[in-house]
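Presented below is the structure to which this report refers.
Chain A is the first sequence line, chain B the second, and so forth, proteins listed ahead of strands; every chain is numbered from 1. Heavy-atom basis, side chains included; hydrogens, waters and symmetry copies ignored.
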Amino acid sequence: DAGVIQSPRHEVTEMGQEVTLRCKLISGHNSLFWYRQTMMRGLELLIYFNNNVPIDDSGMPEDRFSAKMPNASFSTLKIQPSEPRDSAVYFCASSLKDGRNEKLFFGSGTQLSVL
Amino acid sequence: DQQVKQNSPSLSVQEGRISILNCDYTNSMFDYFLWYKKYPAEGPTFLISISSIKDKNEDGRFTVFLNKSAKHLSLHIVPSQPGDSAVYFCAASFNDMRFGAGTRLTVKP
């Protein structure tokens, strides 16, 4: 099993550009989480899906952020337009939600720099 | 709204000694607690967990303690090894999973 796969590993873009981050879940997992890591707030939950349905997007900072799960194994996080304060490491994580206690498996993250 | 707090950004201990990492939470609905370990340029990886019905869980050198009345949990590493040097995140779960800001542990040889 390849684990959770994120792409790209690094993204450098200019303010105002659209950024798309991608995530492939572990096969068989049915929950998907997007987190953002910053020095000040640590790992901040942005949104999570269960069975392709967004359950809680209250952590999404602004309307500039959107996330989708077009199918059971893939998700995108889009920022349009991007701003320098969006610079952070973005992680996605997946789990098998078959009860209450679940472990998340994280990808290696996307380091985003908005200039 | 930080529901999970790790108030120590860093901790340094000598090899062979005990490392104690602390975590506080505010939401009494949390019923499952976890510790994750993160190396540079990698995603966090699961280390150990504890259900709210327990107050202690041990796995080798790692022990997690839960004090529900104080809404506090801690991770003990005994003995600490240089390979334990990493950022440790505390997490708490009910429907979703919330993380603290992390504590950077440095174990000196």
Q) What part of A:Q111 lies closer than 4.5 angstrom to a heavy atom of chain B: side chain, backbone, both or neither? A) neither
Q | Parallel, tilted or perpendicular, as decided by the 30° and 60° cut-offs, for the rings of B:Y25 and B:F33 | A | tilted
Q | Listed partners of B:D24 passing salt bridge (charged side-chain N to carboxylate O under 4.0 Å, His left out), at least two apart | A | none
Q) What class does the angle between the rings of A:F105 and A:H29 fall in, given that below 30° is parallel, 30 to 60° is tilted and above 60° is perpendicular? A) tilted
Q. Hey, which of A:Q37, A:Q6, A:E44 has the most heavy atom pairs under 4.5 Å with chain B?
A. A:Q37
Q: Report the option among B:G43, B:P9, B:S49 that has the most heavy-atom pairs separated by less than 4.5 Å from atoms of chain A.
A: B:G43
Q | chain B contacts, top residue of A:G109, A:S108, A:A93 (heavy-atom pairs, under 4.5 Å) | A | A:S108
**Q.** Criterion side-chain contact (heavy atoms from CB on, under 4.5 Å) against A:P8, the qualifying member of A:T110, A:V19, A:T20
**A.** A:T110
Q.
Only pairs of heavy atoms separated by less than 4.5 Å count here; which of B:A91, B:A101, B:G100 has the most with chain A?
A. B:A101
Q | Max heavy-atom pair count under 4.5 Å with chain B, selected residue of A:F106, A:Y48, A:Y35 | A | A:F106
Q. B:V13, B:F62: one ILVMFWY side-chain cluster at the under-4.5 Å cut-off?
A. yes
